[in-house]
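Note that ligands are numbered from 1 as they come in the structure, with each ligand's atoms numbered from 1 the same way.
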Amino acid sequence: MNLKLLPLTSVATLNFSENHWLARLAAVILTAMPTYPIYLNLCNKKALVVGAGQVAARKAQALSRAGASILVVAREYSAEFNDICKHIQLERIEGDYSPEYLDDATLAIAATDDSELNTRIYNDCRARNVLCNVVDVPHLCDFYVPAVINHGDLTISIGTSGKCPAYAGRLRRKLESIITPDHGAFLEVLESARQKVITSDLTAQQRKKLLHHLAADTSFTLFRQQGADAWLKWADQQISASR
Ligand SMILES: C[C@@]1(CC(=O)O)C2=NC(=C\c3[nH]c(c(CCC(=O)O)c3CC(=O)O)Cc3[nH]c(c(CC(=O)O)c3CCC(=O)O)/C=C3\N/C(=C\2)[C@@H](CCC(=O)O)[C@]3(C)CC(=O)O)/[C@H]1CCC(=O)O
Ligand SMILES: NC(=O)c1ccc[n+]([C@@H]2O[C@H](COP(=O)([O-])OP(=O)(O)OC[C@H]3O[C@@H](n4cnc5c(N)ncnc54)[C@H](O)[C@@H]3O)[C@@H](O)[C@H]2O)c1
């Protein structure tokens with residue numbers, strides 16, 4: 001077999017033992033590659049979650065926030081899963097994983113405690129061009145799930161490319177004391193002011209300058225101290241004064 005022709009991810013999942021030098025080499029190269037951070041729109045797109053333990057629950061929660069249409073397949077649903085996901089809309093199948101569950105899926109999360117099965121799910125995903133995340137196995141991930149701060153439409157995500165997820169979590173908690181719900185609320189008024197700016201007769205240069213002025217720290221301080229209504233009036237004045 002000509003290994004040069006195989007994608008690295010396939011090398012990582014060939015029937016070598018986890019410790020075979022080729023599998024280890026592929027894992028090292030794959031996890032050393034930089035990732036491409038994007039915010040996926042998963043609204044009404046199917047996401048398959050296999051397994052229903054604590055980790056599956058955390059991933060299902062994040063998928064649900066993005067409006068994904070979630071299908072969970074698990075032999076058993078843990079009490080933690082049921083508790084964390086009690087208010088989440090998802091379809092549940094109690095039973096063994098089967099590749100048909102991947103039909104029409106945009107992405108899949110393999111979160112079982114059976115590493116052979118997780119690898120099989122990853123290979124089934126590759127055969128169907130479904131993006132796959134095998135929790136806790138970086139070299140079997142087409143994408144990593146980051147640590148996230150969400151305030152409305154404001155999203156901050158922290159990734160360590162699998163180097164230390166616990167550190168991503170710690171940084172999230174640290175940033176949570178700096179990026180507050182007020183920042184999310186500020187984004188709402190900014191959006192409303194921006195609509196006025198981009199539909200105005202200002203030049204591109206004037207718009208850019210104004211939008212940066214509206215998004216500045218001094219503007220945020222005014223919003224925090226005086227509230228949304230006062231800020232929107234002030235923003236209207238700034239738009240008029242820019243003409
Ligand atoms: C960010 C977060 C999102 C989420 O899962 O929701 C996330 N893991 C979180 C927490 C966490 N995970 C683990 C611990 C225990 C401490 C520890 O072992 O470090 C803690 C800490 C805790 O529980 O506090 C165990 C663990 N995780 C991975 C490995 C394998 C390895 O390291 O090789 C092992 C060892 C397993 C073993 O025991 O063998 C791998 C992955 N975990 C990822 C994401 C992806 C990389 C993301 C990145 O680096 O950017 C990746 C590659 C795949 C994936 O799962 O997507 C979430 C924090 C959420 C938050 O706090 O906001
Ligand atoms: N929970 C953690 O904090 C943690 C930390 C580090 C690593 N991990 C790893 O993450 C993975 C998931 O952990 P967890 O604690 O959420 O899992 P868990 O052990 O609580 O749950 C595993 C799930 O997989 C399901 N499952 C097993 N075989 C199946 C099959 N053939 N078809 C369908 N479902 C099947 C089980 O029914 C169960 O719902 C494991 O590999 C674990 O080693 C977890």
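- No side-chain donor from either of Asn44 and Ser69 sits under 3.5 Å from a side-chain acceptor of the other.
- Hydrophobic cluster of Ile84: no remaining members, since no ILVMFWY side chain lies below 4.5 Å from it.
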* Asked: Yes or no on salt bridge (Lys or Arg N to Asp or Glu O under 4.0 Å) for Arg128 and Asp103, after CA distance, side-chain angles and deciding distance?
  -> CA-CA 8 Å; Arg128 287 157 197 255; Asp103 287 351; 2.8 Å; yes
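- Neither side chain, Asn133 nor Tyr122, offers a donor N or O lying under 3.5 Å from an acceptor on the other.
- In this model, a donor atom of one side chain and an acceptor atom of the other lie less than 3.5 Å apart for Gln206 and Thr203.
- Taking a heavy-atom cut-off of under 4.0 Å, ligand 2 is surrounded by Gly51, Ala52, Gly53, Gln54, Val55, Ala74, Arg75, Glu76, Gly95, Asp96, Tyr97, Ala111, Thr112, Asp113, Leu117, Val135, Asp136.
- For a heavy-atom separation below 4.0 Å, the residues in contact with ligand 1 are Arg58, Lys59, Asn133, Val135, Asp136, Pro138, Cys141, Tyr144, Val145, Pro146, Ala147, Gly159, Thr160, Ser161, Gly162, Pro165, Ala166, Gly169, Arg172, Arg173.
- Put simply, the side chain of Thr35 never gets that close to the backbone of Pro37: no donor and acceptor are under 3.5 Å apart.
- Every residue two or more places apart in sequence or in another chain that forms a salt bridge (Lys or Arg N to Asp or Glu O under 4.0 Å) with Arg172 is listed here: Glu176.
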* Asked: Please walk me through it: do Thr106 and Leu131 pass side chain to side chain contact (heavy atoms under 4.5 Å, CB included)?
  -> CA-CA 7 Å; Thr106 297; Leu131 291 173; 5.7 Å; no
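- For Phe223 and Trp234, the ring centers are positioned 6.0 Å apart or more.
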